[in-house]
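These notes concern the structure reproduced below.
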Amino acid sequence: MCGLPFSIAVLFLIIARITAAIQGNISDCDETYNYWEPLHNLLYGKGFQTWEYSPVYGLRSYSYLIIHLIPAALFNWLAGYRIMVFYGVRFYLACLCLSGELFLCRETMRRFGKDVGLLTFLFLLFGNGMFISSSAFLPSSFSMYMTLYSMASWFAGRYRRAIFYTAVSTIISWPFAGLIGLPIAIDMVFMRKDLFSFVKWSMQSLMLILAPMMAIEYYYYGKMTLPTLNIILYNVFSSHGPDLYGTEPFSFYIYNGFLNFNIVFLSSLVVFPICVIAYSMNQLPNHRTLKDCFLVFLPMYLWFFIFFCQSHKEERFLFPVYPLICLAGAVFVDSVAKIVNSVWVHFHWPGPRFVASVFRYGFVLMYMFLSIARILAILKGFSGSISAYKVFSNGNLSREWKDNVNVCVGKEWHRFPSSFFLPGNKWSLLFLKSEFRGQLPQYYASVEDNTSVIPKHMNDLNLEEESRYSPVTACHFLVDLDLGRSTEYEPLYIHNKEDWTVYFEVPYLDVTRSPSIFRAFYFPYYSERFCSYGSYHVLKSKKRSLP
């Protein structure tokens with residue numbers, strides 16, 4: 001497959017994706033509080049609820065959670081330990097991703113040739129963006145899986161499946177992902193003149209998905225609601241929308257795209273002009289037409305245009321087009337190599353194949369080097385937060401206590417990996433007041449069918465709710481980060497030796513005091529020498545003894 005033995009390709013992807021599932025951080029607090037916590041509530045009857053899950057708003061889909069609840073329940077039955085359920089679900093997500101990657105690479109090889117197939121495989125395999133997104137419990141990651149399946153099905157000529165995968169992505173995970181199915185619609189309706197089949201298969205997919213989805217949403221919300229529609233109304237037609245949660249400049253995605261796919265991302269931005277040049281020289285991969293390239297990369301360019309222009313930007317918003325970025329990079333490299341070879345031959349310059357090969361191998365090696373350096377930088381610099389919470393599942397702390405145990409967070413509330421890292425329902429996470437002035441989540445009501453209960457003290461304006469905070473005297477443990485800076489609401493608790501003792505401590509990168517290049521990419525010796533680190537730690541109260 002893709003120029004590699006199928007078994008070797010599978011082995012490489014398994015190693016890469018399982019490593020990401022085990023070692024990867026949770027880089028977005030939305031993943032914790034909007035997905036891991038509601039899943040924990042469905043499984044164990046306790047978890048944090050955000051305003052999006054209030055029946056008043058209904059912006060999040062329980063149907064999406066159910067897809068993950070089934071494997072979570074299985075792992076809970078097999079392992080019993082909650083942290084093992086967390087990693088079991090991640091393993092499940094990694095398997096969904098790698099099977100889609102293999103499918104796409106195989107069909108890419110058939111459509112664009114084995115060289116493009118192999119390059120796509122390598123760019124997917126080593127990409128830091130895939131390392132982050134492959135096992136992330138986010139609708140945008142699920143839409144990325146569906147992109148893999150839908151594009152591969154389209155390449156294989158399986159239009160019904162392609163439409164179904166696009167519909168699943170659009171209705172269950174993220175409505176805006178429907179844009180990625182645009183080339184499939186254009187191909188069927190305008191090129192194949194098969195409007196009837198397109199409408200028929202679209203309606204079949206719609207009914208097959210919507211019927212159980214509406215039943216699930218009604219069961220959990222206690223009323224008829226459709227989160228897919230609600231999220232569109234909120235993001236597009238509400239007076240405030242997502243900009244309440246921060247805005248970023250246009251350059252945000254350029255910088256972020258380079259960090260996640262480095263030179264492959266840059267090449268994806270100019271792949272179509274390169275295709276035009278290659279087509280004029282009859283050098284497109286596998287003798288494809290310019291129309292083919294336009295259709296394949298149209299959703300990626302439209303996605304860039306729409307999301308680059310939005311004020312509210314998040315790394316995860318680009319997840320659905322990550323496979324297209326890798327495919328675009330592969331077509332770019334193959335096309336440029338063929339253009340170079342053709343030019344060398346035309347002018348009778350020596351060694352055309354050698355020069356083209358140097359470009360191919362040089363590009364791939366540079367990409368691999370930068371990708372691995374970025375992955376190592378993330379793991380070495382920022383893995384301390386998830387390591388800190390693992391201590392609660394180890395040793396004597398993992399047993400059930402007779403009374404409640406409180407783990408507190410202040411400014412580090414956004415790095416809590418989920419309640420799966422706490423031993424049981426008698427353990428709770430409490431929020432201490434910090435400089436953050438937005439709305440924090442709160443626990444679901446402690447009643448049966450708590451998903452349909454309308455919670456108090458919630459709003460859709462991201463206004464601070466004072467009811468979320470607890471006094472520091474209620475804490476048995478406190479998780480905090482010491483970077484040598486403090487404020488009135490964010491003191492350095494670790495220096496209060498009278499009240500706290502260090503239970504666990506690990507280095508954590510201080511971004512503001514580290515050079516950009518050495519914190520973004522890991523270079524042995526130089527990163528350690530020039531980067532500054534603080535202390536990520538778990539503190540144990542001296543005044544509150546454990547029950």
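All values reported here derive from a predicted model rather than from experimental measurement.
Of all the heavy atoms in Y508 and R415, the pair that sits closest is OH-NE, 2.8 Å. Shortest non-hydrogen contact noted between T147 and P320 is OG1-O, 2.9 Å. Here the closest heavy-atom approach between residue D30 and residue R60 is recorded as OD1-NH2, 4.0 Å. The two atoms that bring S335 and P285 nearest to each other are OG-CD, 3.5 Å, heavy atoms only. Contact record, P273 with Y301: CD-OH, 4.1 Å, taken as the closest heavy-atom pair. Annotation for I386 and G24: closest pair CD1-O, 4.1 Å, computed over non-hydrogen atoms.
Note that CZ of R288 is 10.5 Å distant from CG of L295, once rounded to the nearest 0.5 Å. In this structure, OH in Y64 is found 9.5 Å from CG in L39, a value given to the nearest 0.5 Å. Taken to the nearest 0.5 Å, the OH atom of Y87 stands 12.5 Å off from the CD1 atom of I18. If you take OG1 on T228 and CG on L233, they are separated by 11.0 Å, rounding to the nearest 0.5 Å. A distance of 8.5 Å separates CG in D194 from NZ in K200, rounded to the nearest 0.5 Å. Put simply, CD1 on I339 and OG on S280 are 7.0 Å apart, with the number rounded to the nearest 0.5 Å.
Taking a 6.0 Å sphere around CZ of F530, one finds it holds more than 12 heavy atoms contributed by other residues, nucleotides or ligands. Around CZ of F518, the count of heavy atoms belonging to other residues, nucleotides or ligands within 6.0 Å exceeds 12. Counting heavy-atom neighbours within 6.0 Å of M84 CE, excluding the residue itself, gives a total of 12 or less.
Considering only heavy atoms from C-beta on, M151 stays 4.5 Å or farther from P323 through its side chain. Two residues are said to be in side-chain contact when any heavy atoms from C-beta on lie closer than 4.5 Å; E528 and Y522 meet this criterion. Within the 4.5 Å cutoff, the side chain of Y322 has heavy atoms near those of the N260 side chain. Under the 4.5 Å side-chain criterion, counting only non-hydrogen atoms from C-beta, L93 is not in contact with F142. The shortest side-chain heavy-atom distance between F164 and I209 falls under the 4.5 Å cut-off. Counting heavy atoms from C-beta on, the side chains of L124 and F121 never come closer than 4.5 Å. The shortest side-chain heavy-atom distance between D292 and F112 does not fall under the 4.5 Å cut-off.
Aromatic ring centroids of Y253 and F307 lie 6.0 Å or more apart. Taking the centre of each ring, F317 and W174 come in below the 6.0 Å mark. In this structure, Y145 has its ring center no closer than 6.0 Å to that of Y165. In summary, the aromatic rings of Y220 and Y53 are positioned with their centroids too far apart to meet the 6.0 Å limit. Taking the six-membered ring for Trp and the full ring otherwise, the centers of F123 and Y367 sit less than 6.0 Å from each other.
Applying the ring pair (Phe, Tyr, Trp, His ring centres under 6.0 Å) test between Y389 and each of F416, F420, F421 identifies F416 as the sole match. Residue R360 is tested with L365, V340, V355, D334 for a side-chain contact (heavy atoms from CB on, under 4.5 Å); the sole match is D334.
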With a 3.5 Å cut-off and sequence neighbours excluded, list the donor-acceptor pairs that the side chains of residues 177-189 form with protein atoms.
from: D187; atom 1: OD2; to: W154; atom 2: NE1; distance (Å): 2.8
from: D187; atom 1: OD2; to: Y159; atom 2: OH; distance (Å): 2.7

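For the residue pair Y149 and S99, a side-chain donor N or O sits within less than 3.5 Å of a side-chain acceptor on the partner.
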- Query: Should R17 and E101 be marked as a salt bridge (charged side-chain N to carboxylate O under 4.0 Å, His left out) after you check the CA-CA gap, both sets of side-chain angles, and the distance that decides it?
  - Reply: CA-CA 11 Å; R17 297 299 165 248; E101 290 173 282; 2.7 Å; yes

